[in-house]
Amino acid sequence: MSAFAGKVGLVVGVANKRSLSWAIAKGAADQGASLALTYQGERLEENVRELADGLADPLILPCDVTADAQMDSLFSEIDKKHGGLDFLVHGVAFADREDLARPFSETSREGFRLALDVSAYSLIALTRRAVPLMEKRGGGSVVTLTYLGSERVFTNYNVMGVAKAALESSVRYLASELGPKNIRVNAVSAGPIKTLAAAGISGFSSILQTYRDRAPLRRTVDASEVAEAALFLLGPAGRGVTAEVLMVDGGFHAMGV
Ligand code: NAD
C-alpha cells in the first residue's frame, strides 16, 4: 500500500524509538511519504539521526517549539526542499516534573505557562506556519496526540490535563478556520503507553494496570495502533474527517462503574 506516495510530511516530537511520533513517521515512510523530522536540542539529535537512517532522504532539523526563529527556519527549509507540505504530526508535550507530583492547586504560574505553551500553543504556532505550504498542495492534514486527562481526572496528570483540554479545543478552532482551505485538523487520544514523556507521570504503572482491568478490550494499546489511527486521519482514507478527537484506548473512555 502506498497511500502516502509523493506526499511530504513534517513530524515534530520524535525523541527515541518509543516515541509515538516515531511510530507514525515510520508508518508514513513505509507507505511512501518523504519526511522532515525534528529534534529538540542537541541532546536528542543523535537519536533522531540514527532512527532516520533507514528513511529515504529525510530532512532533519532542530525545532524547539518555544523558539519562533527555529520554527520559521524549519518551514523555510521544508519549502526550499519540497516546495510544499501535505501533513504535519504534532507529538510534543512537556510539564515540569514538580507540577506532575504536587497537589494541582499548587501549580505555579510559570509551570502553567510552560506546559500550555509547549503542549498546546505549539500546535497553533506550527499549524500557522504549515498553512502556506499546505495551500501550495491544495490542502493538508494535521494530527496531534492527546490524552483523556483533558476531560477526566487522573492522579498526577495535573496541569498536563489542562494543557490537553486547550490542545483539543485548539484542534476544533483550527479545523473550523482551515477547513475552507481543505486543511483538516484532528487529534488521536491514545491510551497510556510507556514512553519518555509517560515516565514523567508518577504512578503511571498503576494507570496502565487500570486500563488492563477495565478497558473493554482488557488490555492497553501499543504505539503501532496509535500510529495506524493517525495515518488514517493524515491520509486519503480520512478525507471526510476534521475537528475530531479519535479515541484509541481500547474503549476505556466509555466506561463508568
Ligand atoms: P516522547 O517523550 O517520546 O515525546 C514527547 C516529545 O515532545 C519528545 O520528542 C520531546 O523532545 C518533545 N518536546 C518536549 N518539549 C519540547 C519543546 N520545547 N520543543 C520541541 N519538542 C519538545 O513521548 P510520547 O508519549 O511519544 O509523547 C508524544 C505525545 O503523545 C505527547 O503529546 C503526549 O502527551 C501524547 N500522549 C502520550 C501518551 C502516552 O501514554 N505515552 C498517551 C496519550 C497522549
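Just follow the structure's listing: the first ligand is 1, and inside any ligand the first atom is 1.
Checked options V248, T146, L246; the residue passing with S189 is T146 (criterion: side chain to side chain contact (heavy atoms under 4.5 Å, CB included)).
Among A198, G91, A115, S21, the residue whose heavy atom sits closest to atom 5 (C) of ligand 1 is G91.
Looking only at heavy atoms of the protein, atom 19 (N) of ligand 1 is closest to V65 N, 2.9 Å. What sits closest to atom 24 (P) of ligand 1 on the protein, heavy atoms only, is T195 OG1, 3.4 Å. The single protein non-hydrogen atom nearest to atom 3 (O) of ligand 1 is S19 OG, 2.6 Å, given as residue, atom name and distance. If you check which protein heavy atom lies closest to atom 31 (C) of ligand 1, you get A93 CB, 3.6 Å. Ranking the protein heavy atoms by distance from atom 36 (N) of ligand 1 puts L20 CD1, 4.0 Å first. Ranking the protein heavy atoms by distance from atom 43 (C) of ligand 1 puts T146 O, 3.1 Å first. What sits closest to atom 33 (C) of ligand 1 on the protein, heavy atoms only, is K164 NZ, 3.7 Å.
One hydrophobic cluster, built from ILVMFWY side chains closer than 4.5 Å, holds both Y39 and W22. Hydrophobic cluster membership differs between L231 and V185, with clusters built from Ile, Leu, Val, Met, Phe, Trp and Tyr side chains linked at under 4.5 angstrom.
Here the side chains of L114 and F94 are in contact, with some heavy-atom distance below 4.5 Å. No side-chain heavy atom of V14 sits under 4.5 Å from any side-chain heavy atom of T38.
Remark: side-chain polar atoms of Q70 are paired, donor with acceptor, to backbone N or O of D64 under 3.5 angstrom. Not one N or O on the side chain of D72 forms a donor-acceptor pair closer than 3.5 Å with the backbone of F75.
Salt-bridge check for K81 with D57: passed, with a basic side-chain N closer than 4.0 Å to an acidic carboxylate O. Using a cut-off of 4.0 Å between Lys/Arg side-chain N and Asp/Glu carboxylate O, R49 and D53 are scored as not salt-bridged. With respect to the salt-bridge test (charged N to carboxylate O, under 4.0 angstrom), the residues R113 and D96 do not qualify.
Against a heavy-atom cut-off of under 4.0 Å, L44 is close to the following atoms of ligand 1: 11 (O). Each of the following atoms of ligand 1 lies closer than 4.0 Å to a heavy atom of Y147: 43 (C). Close approach of ligand 1 to G191 (heavy-atom distance below 4.0 Å) involves ligand atoms 40 (O), 42 (C). Every atom of ligand 1 is numbered from 1 in the order shown, and the set under 4.0 Å from a heavy atom of G13 is 4 (O), 6 (C), 8 (C), 9 (O). Listed by number with element, the atoms of ligand 1 under 4.0 angstrom from any heavy atom of D64 are 17 (C), 18 (N), 19 (N), 20 (C). Per-residue contacts place L145 under 4.0 angstrom from the following atoms of ligand 1 (heavy atoms of the residue considered): 29 (C), 30 (O), 32 (O), 35 (C). Close approach of ligand 1 to P192 (heavy-atom distance below 4.0 Å) involves ligand atoms 40 (O). If you number the atoms of ligand 1 from 1 as listed, the ones under 4.0 Å from a heavy atom of I193 come out as 39 (C), 40 (O), 41 (N).
The shortest heavy-atom contact between L85 and R137 is O-CG, 3.5 Å. The two atoms that bring F204 and A198 nearest to each other are CZ-CB, 3.5 Å, heavy atoms only.
For the pair Q40 and ligand 1, the shortest N or O to N or O distance falls below 3.5 Å. Inclusion of R18 in the set of residues having an N or O under 3.5 Å from an N or O of ligand 1 is not warranted. Residue A197 has at least one N or O atom closer than 3.5 Å to an N or O atom of ligand 1.
Summarising the local packing, NZ of K7 is surrounded by 12 or fewer heavy atoms from other residues, nucleotides or ligands at distances under 6.0 Å.
The backbone of V14, and not its side chain, has at least one atom closer than 4.0 Å to an atom of ligand 1 (non-hydrogen atoms only; backbone = N, CA, C, O). In K194, neither the side chain nor the backbone holds a heavy atom less than 4.0 Å from any atom of ligand 1. The side chain of F204, and not its backbone, has at least one atom closer than 4.0 Å to an atom of ligand 1 (non-hydrogen atoms only; side chain from C-beta on). Contact annotation for C63 and ligand 1: only backbone heavy atoms (N, CA, C, O) come within less than 4.0 Å of the ligand. Of the heavy atoms in V118, only side-chain atoms (C-beta onward) come closer than 4.0 Å to ligand 1.
Note: Y147 and F154 have tilted aromatic rings, judged against thresholds of 30 and 60 degrees for the angle between ring planes.
For H90, the closest heavy-atom approach to ligand 1 does not fall below 4.0 Å.
Interatomic distance, CG of L10 versus CG of L37, reported as 8.5 Å (0.5 Å rounding).
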